[in-house]
Each structure stands twice: as structure tokens, then as C-alpha cells.
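Below is one structure; the comments refer to it alone.
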Amino acid sequence: MLDIQRIRKETDSVKRGLESTGADAAIIDQILELDTQRRHLQQEGDTLRAQLNAASRDIGREKDPDARKALIDAVSSVKKQIKDNENRVPEIEEALNTLMLNVPNVPLPEVPLGDGEDDNVVMAEHGDAPAFDFAPRPHWEIMEQLGIIDFARGQKISGSRFYVLRGDGARLQRALITWMLDVHAREHGYEELYPPAMVRSECLYGTGNLPKFGDNLYRDAEEDYWFVPTAEVPVTNFYRDEILDAQALPIRHAAYSPCFRREKMSHGKDTRGIKRGHQFDKVELVQFAHPDTSRAALDELTEHARVLLERLGLRHRLLNICTGDLSFVACIKFDLETWSPGSQEWLEVSSCSLFGDFQARRARIRFKDEAGTNRFVHTVNGSGLALPRVLISVIETHQQADGSVRIPDVLQPYMGGQTHITAR
RNA sequence: GGGGAGGUGGCCGAGUGGCUAAAGGCGCACGCUUGCUAAGCGUGUGUACCGAAAGGUACCGAGGGUUCGAAUCCCUCCCUCUCCGCCA
């Protein structure tokens with residue numbers, strides 16, 4: 001959510017920012033109109049209530065029954081006006097609030113202008129494309145042949161876009177999760193959390209998934225429980241409605257969780273393999289940062305995610321996401337993509353975003369600054385990393401001519417010293 | 001799922017219709033003191049919104065109601081704790 005004060009004071013730059021993302025800036029004018037009405041109503045109501053309060057004090061002091069009666073009668077018209085005023089307020093406030101919740105974040109000036117993903121800027125490429133003296137195969141072939149995945153039974157159990165990892169496939173994913181969490185917790189300064197995978201809707205408003213993106217979420221039919229699309233949701237809301245110590249910032253948390261997404265929008269896309277499922281696993285990094293250092297925190301967090309790819313020996317690149325491809329909540333975003341030589345495509349394995357106070361304002365996460373003033377923190381997060389796609393890249397990158405897969409050195413201790421996955 | 005207790009400021013804890021934003025204590029901040037043993041004394045210390053300011057309004061789990069006036073009375077809901085049942 002944007003700061004209404006900012007919308008009032010910097011109307012033009014906010015509008016320009018929104019337009020650069022492809023959003024319709026007309027919503028800003030509607031907001032300002034309602035905001036004016038709201039303030040007018042509030043002033044009117046405050047004045048009336050001040051009158052009533054003063055009158056009530058007088059009545060309390062008046063002992064003479066007749067004089068008292070007269071005073072009470074006199075205040076009735078004020079009461080009626082207050083009622084009228086109160087009747088008009090909710091409509092305006094709800095309309096205003098709805099609009100505010102639907103305004104996306106405004107990009108930072110450094111975000112490259114563009115209409116869509118084709119305009120994203122490649123900032124860095126790391127590692128060479130792996131060389132093969134045979135035709136590299138896609139992961140679904142390799143994994144099936146090794147017997148470490150079962151698509152058919154996954155579909156039998158749960159339907160399309162579900163699969164079962166088995167044997168060394170399941171173990172490899174588990175090794176990746178553990179290793180990544182260990183790196184973040186032991187080397188990068190993140191406290192590990194294991195959060196709920198089901199949350200109340202309020203959490204999703206906090207992170208910005210609701211109200212606009214509810215149709216990509218699964219939810220309980222009877223109660224207000226929603227399945228998280230990412231650990232970002234519970235972890236960000238860990239501090240909802242709290243006031244943190246300035247000295248405690250930045251707070252860093254890493255969390256593993258399963259993630260659930262309907263993927264309604266991408267029906268026919270990515271149907272082969274494990275690139276896009278309704279359920280997948282992910283390690284998420286979240287930082288709660290001081291506004292003065294949040295931009296640097298984004299670079300730091302991005303590097304924390306990137307270095308994992310390097311250590312896994314995967315070719316990867318860093319993208320600066322353009323205005324037109326920015327997510328609803330981000331004011332700047334870097335994607336990490338890793339190369340999958342079998343499927344011959346770049347896979348997004350992490351989106352690292354700075355949200356400014358956009359989420360903190362929705363979730364009311366504040367800190368007490370040096371002057372003792374409560375201010376909203378800035379939130380930063382990114383995957384570190386998304387499992388299925390890292391798994392794809394590991395398997396396709398480290399596949400061998402004989403159909404086996406070499407296990408990256410860093411993961412071998414997590415696989416009991418095993419160096420290769422071979423057919424059973 | 002059934003029974004009992006309770007939700008007040010950073011924390012503890014008063015407060016049962018009016019001058020209570022809310023006693024007192026703790027904590028914290030600033031100042032003073034340094035012959036009553038790392039102690040004493042004083043002052044200050046919630047949030048949000050509107051307003052140039054003065055100031056005003058709202059908030060004592062949430063929502064609604066009664067009343068000139070509610071933290072205090074009534075209704076509904078939520079949550080926490082606890083005893084019982086069930087259970088990975």
C-alpha cells in the first residue's frame with residue numbers, strides 16, 4: 001500500500017511511476033477525490049463530537065433536574081448530525097481502502113523502463129554453458145530413467161502437474177533444502193524459521209497477494225485458512241502488528257516451506273517435467289531492513305541466493321526486471337535464472353525484491369527509530385532457492401553420458417558421501 | 001468436541017456510568033544528587049487521523065446496542081489460558 005500522504009504530495013511522480021508499469025494512473029485521481037471527501041467528513045464529525053463531549057461534561061456538572069433536562073434536549077440535534085455523519089463515513093472509507101489496496105507499488109527510478117519480460121536487462125552472467133559430448137536430455141527423461149521420479153503415480157494420486165520424487169530424487173531435493181538452509185543460517189546470518197503453510201487471509205493482504213491475486217491461491221472451503229504460495233507470506237507476517245527495535249534491524253529469516261499455487265493463468269505452459277507444479281518446495285529469504293539501508297539489503301540478499309547457484313556449479317544470470325514486468329508489490333526486482341541444458345531454457349529460480357514500506361504498511365510492521373518515532377520497516381525477500389527448478393538444472397547440468405547424474409560436491413555430504421545417482 | 005477463567009498502555013496491574021488516555025508499580029529517557037553502600041530525588045514517557053498552528057477526534061480484544069455521557073451496562077463474535085475427551 002502506498003502512503004496516502006505521498007499520493008497527495010507527489011501526485012505526478014506517483015502517476016508517472018504507475019504508468020511506467022502499465023497500470024492505469026486514473027485510480028490516483030479517484031483516490032484523491034475520496035481522500036478529500038473523507039477528510040472533510042472527518043473534520044465535520046470531529047467538530048460535532050467535540051460539541052457533544054463538551055455538552056456532556058456540562059450535563060454531568062449540572063445538578064438541577066430542569067436545567068439538566070434542557071441541556072439534554074439541546075444536544076439532540078448534535079446527536080442527529082453525528083449520526084448522519086457516521087452513516088456517510090463507512091462507504092467512503094471502504095471505497096478508499098479498496099482502491100488503496102489495489103494500487104501497485106511505484107518502481108524506483110533505477111528500474112529499467114520496459115513493457116514486458118523481453119525488456120528485462122541482463123546484468124550479469126556467471127559460468128559457461130556446460131559442454132557435452134552427447135545430446136543433453138531434459139530432466140524428465142533422465143529422472144524417469146533413473147527411477148527417481150514417478151509422474152504417472154503422481155497424476156493418479158493428485159492429477160496433472162503432480163509427481164512423486166522417489167529414492168535418490170527425493171533425497172537429492174532434501175539434501176538441497178538442508179544445504180541451502182545451512183548456508184543461509186550459518187554463513188549468511190539468517191535465523192531459520194519453520195512457519196505454518198496455512199495462514200489467515202489477513203496475512204495475504206499484508207504481503208499483497210490479496211485482494212488482487214486470490215484466484216492463484218488455494219483455500220479451505222469452511223474456514224479462513226489459505227495455503228501459502230510462498231513462505232514469504234508467513235515469514236513477513238511473523239512481525240505483523242509489531243514495533244521492532246531499530247538496533248535489531250536488519251532482521252534476517254530463512255524458511256523452508258511447501259508452496260501451493262493454482263497456476264490457473266498458465267494452463268498449457270510448462271506442462272512437462274517439474275518446472276511448474278501446484279505444489280513445490282522452496283527456501284525463502286526475508287529481511288526486515290531500515291529504510292536507509294534497504295536498497296543495499298536487496299543486493300546482499302540477491303548475492304546470498306546467487307552464490308548457491310555458483311556453488312552448485314550451475315550456469316546462471318542476473319536480470320534487472322523492467323517496469324512492465326515488475327510484480328504488484330515490488331519497487332525493484334532482480335531475478336536469478338539458471339540454465340537448463342536439456343530443456344534449453346533459462347529457469348527462474350529466484351525473484352529478489354525490495355518492497356519499500358509497501359508490505360510493512362499493509363502488515364503494520366514498524367520500528368522505533370533513533371528519534372523515538374515509529375516508522376515502517378522495509379521488507380526485502382527472495383527465493384534462496386526454489387527447489388524443483390534447481391533440481392532441474394542440477395540434473396540436466398550434471399548429467400553424464402551413461403545416464404547417471406553427478407552430485408555436486410557441496411551436496412555430497414548431505415547424500416552420505418554419494419557421488420552419483422545411478423539407475424537402480 | 002465439552003466444562004471453567006480471562007482479554008486495559010513496552011510489561012505488571014487498578015479501575016463498574018461523568019473531570020480517566022486511563023491510578024500505582026516496573027521499565028525506559030533526560031536532569032539533579034553522590035555520605036543513607038550500582039543507591040536517592042525530580043521531570044517526562046501510548047498510537048492513529050485531521051489541522052499551518054492552537055487544538056480536536058478516535059482507540060481499554062473486535063463489532064453492534066443502551067445513554068446527554070461507557071474501559072465501566074447489554075448482545076454477538078474472536079482470541080488466550082486451563083480441566084476433560086480425541087490424536088500424529
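To find a chain, count down the sequence lines: A is the first, B the second, and so on, and within it residues start at 1. Only this structure's heavy atoms are used, side chains among them; waters, hydrogens and symmetry mates stay out. Computed from a prediction, not measured in an experiment: that's the story for all the values here.
- The environment of A:Tyr225 atom OH is sparse: at most 12 non-hydrogen atoms of other residues, nucleotides or ligands sit within 6.0 angstrom.
- Using cut-offs of 30° and 60° on the angle between ring planes, the pair A:His188 and A:Tyr190 is perpendicular.
- Backbone-only contact: A:Arg38 has heavy atoms under 4.0 Å from sugar-phosphate atoms and none from a base.
- Using a 4.0 Å heavy-atom criterion, one finds that A:Ile59 contacts the bases of the nucleic acid, with or without backbone contacts as well.
- Rounded to a whole angstrom, the distance from the C1' atom of B:U20 to that of B:A14 is 12 Å.
- Remark: A:Thr323 engages A:Ser20, A:Pro107, A:Val111, A:Leu113 in a side-chain contact (heavy atoms from CB on, under 4.5 Å) (not counting sequence neighbours).
- If you check every strand for non-hydrogen atoms under 4.0 Å, A:Ile243 touches nothing.
- At a threshold of 4.0 angstrom between heavy atoms, the contacts of A:Asp73 with the nucleic acid are absent.
- A gap of 33 Å separates the C1' atoms of B:G10 and B:G65, to the nearest Å.
- Here A:Gln43 lies in heavy-atom contact (under 4.0 Å) with sugar-phosphate atoms only.
- Between A:Tyr256 and A:Tyr194, the ring planes are parallel. Angles under 30° get that label, and only those over 60° would be called perpendicular.
- To the nearest whole angstrom, the two P atoms, one in B:G15 and one in B:G24, are 15 Å apart.
- Across all strands, A:Asn374 comes closer than 4.0 Å only to sugar-phosphate atoms, never to a base (heavy-atom distances).
- A:Lys69 comes within 4.0 angstrom of no nucleic acid atom, judged by non-hydrogen atoms across all strands.
- On the C1' atoms, B:U16 is 14 Å away from B:C74, given to the nearest whole Å.
- Residue A:Arg375 is classed as having no contact, given no heavy-atom separation below 4.0 Å to the nucleic acid.
- Nucleic acid contact for A:Ala50: sugar-phosphate only, since backbone atoms but no base atoms lie under 4.0 Å from a heavy atom of the residue.
- Residue A:Gln5 is classed as a sugar-phosphate contact, given heavy-atom separations below 4.0 Å to backbone atoms only.
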